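Owing to the predicted nature of the structure, the values given are computational and were not obtained by experimental measurement.
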Amino acid sequence: MSFNRRAVLALAASSVMAVSAQAQDWKAKYPELIFATIPAENAAQVTERYKDFGAYLSKEIGVPVKLRVVGDYAAVIEGQRSEQIHIGYHGPASYARARMTGVKITPFVIEVAKGGVKGYHSVFYVKNNSPYKTIADLKGKNLGLVDPNSMSGNNVPRFAMNSMKLTPEEHFGKVVYTGSHVNAVMALNQGTVDVAANWWNNENDSELVRMSDKGMVKKEDFRIIFKSEQIVNSPVTYLDSLPADLKKRIEQAFLNAHQKDKAAFDKLSDGKGEPYQTVTHEAYLPVVELNKFVDSLRKR
C-alpha cells in the first residue's frame, strides 16, 4: 500500500513538473503578448479604456500584455497575419475579412450587452435640427462612414443602401471615411458630413451616449433616421499558432474578468456590458457572406 501511495505521489509530482515545464517553455517563446483593438475611439481614449484591462490580463496570464493602439481596422488584421499581434479585438466584418484572407486566428469570446444580447445595430444619425427624414432626402449631401472594414460603419450601411436602390458614391455629394465611430459623430456634429453611420446597442448604450456622457457632444442634438437588423457582436481572437495552454489562459482571463477585476472589466463598456461568453467561427458565417456581397457591390 505504501509503495502504491509513493507511486501515486511521484506520478502527481511529475505531472505538476511537466505542466510547469510546459508553461516555462511558452513563456520563453512569448515573454510578452501584444493585444490590439480596432480604433472605435481615438488613441488616447482607447488607451484609457484598456490600460487597466491590460494590467489584469498580464496578472492572469503570467506575462506582460501590452496594448497596441492601431490606426485603422486593417492594422489589426495585418498585425495578426504577421503574428505581431497575439490577441485581437475585431469588429465582426474585420474578423470575417481576416479569415477570408487567410489570417490564422480563432475567435474565443464575444462581447455581450445588457440583457444577454449578443448583437447590436447600425444606425444613421443626422443632426436633430436638420430637415432630413430618410436617406433619400440626403441626395447630394455628405455621408460619413467609419472604416472600409467596419460592420456598422460601412458594410451594413452599404447593404442597406443597396436595398434602397441607392449607390452611395452616386447618391451623396461625398462619401468620407472618418477612421473611427467617435470621429464619425464629431464630423456630423461639426457639419463636415450631413449624415453619419455608427453602432447602437440601445437607447442607453451607443457611441453617441458614451460621448455625451463625457461631455464631447449632446445626445439630444442627434436623431436616428435608419436602424438595421441586429448584427452579431464583436469577437476577441487569438493566433492559432499559440500553445494550447496559453490559449486556455487567455480565454479564462477574459471569461473571468467580470469577477476577478470588475473595475477593469466595467471600464471596457462604461459598465454597460455583461460577462464575455465563448464563441466560434460559425457565428460569423453570415458576416462572411455579407462581406462577399459588399465586395460584389464595389465591382459593379
Side-chain angles (χ1 to χ4, degrees), residues 19-71 73 75-92 94-95 98 103-113 118 180 210 233-281 283-284:
V19 170
S20 177
Q22 182 183 37
Q24 292 305 317
D25 285 346
W26 68 252
K27 285 183 179 181
K29 186 175 180 180
Y30 299 97
E32 71 174 25
L33 298 173
I34 303 299
F35 174 37
T37 172
I38 54 173
E41 302 168 297
N42 64 41
Q45 290 169 319
V46 170
T47 300
E48 177 61 25
R49 189 174 296 280
Y50 280 90
K51 67 177 183 180
D52 291 345
F53 193 71
Y56 159 75
L57 291 178
S58 298
K59 179 181 176 182
E60 287 298 301
I61 296 170
V63 294
V65 177
K66 295 188 176 180
L67 178 67
R68 177 173 296 177
V69 178
V70 299
Y73 286 52
V76 181
I77 296 173
E78 296 310 315
Q80 291 205 288
R81 188 190 309 281
S82 63
E83 300 201 343
Q84 298 302 304
I85 293 173
H86 306 99
I87 309 168
Y89 169 74
H90 291 266
S94 62
Y95 163 70
V103 181
K104 306 299 184 184
I105 54 176
T106 295
F108 62 95
V109 292
I110 185 173
E111 284 188 318
V112 181
K118 298 180 185 178
S180 74
R210 293 182 184 184
N233 270 349
S234 296
V236 184
T237 68
Y238 46 47
L239 297 178
D240 289 350
S241 59
L242 296 180
D245 180 53
L246 176 53
K247 290 178 183 176
K248 190 65 176 177
R249 285 181 181 232
I250 293 170
E251 182 176 334
Q252 288 303 309
F254 275 82
L255 291 174
N256 296 332
H258 65 290
Q259 294 177 325
K260 291 196 169 183
D261 196 333
K262 187 176 186 302
F265 173 76
D266 285 348
K267 202 170 184 180
L268 299 180
S269 64
D270 293 340
K272 295 174 181 177
E274 293 197 355
Y276 286 109
Q277 293 184 23
T278 57
V279 75
T280 65
H281 176 65
Y284 297 93

In this structure, CD of Glu83 is separated from CD1 of Ile105 (nearest 0.5 Å) by 11.0 Å
For Thr280, the side chain to side chain contact (heavy atoms under 4.5 Å, CB included) test, sequence neighbours excluded, returns Glu282
Heavy-atom closest pair (Tyr238 atom, Glu251 atom, distance to 0.1 Å) is OH-OE1, 3.9 Å
Separation between CZ (Arg49) and CG (Leu268), nearest 0.5 Å, reads 7.5 Å
* Measure from the ring center of Tyr276 to the ring center of His258 and say whether it is less than 6.0 Å. => no
When you compare the side chain of Ile77 with that of His90, does any pair of heavy atoms fall below 4.5 Å?
yes
query: Mind checking whether Val46 and Glu41 have side chains closer than 4.5 Å, heavy atoms only?
result: yes
Between Arg68 and Gln84, is there a side-chain heavy-atom distance shorter than 4.5 Å?
yes
task: Using a 4.5 Å cut-off on heavy atoms from C-beta on, say whether the side chain of Ser269 contacts that of Arg210.
output: yes
- In sequence, state the C-alpha distance, the side-chain angles, and the governing distance for Ile34 and Lys66, and then conclude on side chain to side chain contact (heavy atoms under 4.5 Å, CB included). CA-CA 5 Å; Ile34 303 299; Lys66 295 188 176 180; 4.1 Å; yes
Here the gap from Glu111 atom CD to Glu274 atom CD, rounded to the nearest 0.5 Å, amounts to 12.5 Å
Here the pair of heavy atoms bringing Pro107 nearest to Pro235 is CB-CB, 3.9 Å
Side-chain contact test, heavy atoms from C-beta onward, threshold under 4.5 Å: evaluate it for Ser94 versus Ile38 and give yes or no.
yes
From the list Phe265, Phe254, Tyr89, ring-ring contact (aromatic ring centres under 6.0 Å, His included) with Phe53 holds only for Phe254
Closest heavy-atom pair, Thr237 versus Tyr95, reported as atoms and distance to 0.1 Å, is CG2-CD1, 3.7 Å
In this structure, OG1 of Thr37 is separated from CG of Leu67 (nearest 0.5 Å) by 7.5 Å
Using a strict cut-off of less than 4.0 Å between a Lys/Arg side-chain nitrogen and an Asp/Glu carboxylate oxygen, indicate whether Asp245 and Arg249 qualify as a salt bridge. yes
dist Leu33:CG -> Ile61:CD1 (nearest 0.5 Å) comes out at 5.5 Å
Item to complete: State, with a plain yes or no, whether a side-chain heavy atom of Val69 is found less than 4.5 Å away from one of Pro39.
Response: no
On a heavy-atom basis, the closest approach of Gln45 and Asn42 is N-OD1, 2.9 Å
Residues passing the side chain to side chain contact (heavy atoms under 4.5 Å, CB included) test with Gln277, sequence neighbours excluded, are Ile110, Val112, Lys118
On a heavy-atom basis, the closest approach of Ser241 and Tyr30 is O-OH, 3.8 Å
| message | Closer than 3.5 angstrom, by distance alone: can the side chain of Lys247 be matched with the main-chain N or O of Asp240 as a donor-acceptor pair? | response | yes
For Ala75 and Ile85 the tightest heavy-atom approach is O-CD1, 3.9 Å
*Given side chains that start at C-beta, do those of Val279 and Val236 come closer than 4.5 Å, heavy atoms only?*
no
Sequence neighbours excluded, the answer for side chain to side chain contact (heavy atoms under 4.5 Å, CB included) partners of Lys267 is Glu48, Lys51, Asp52
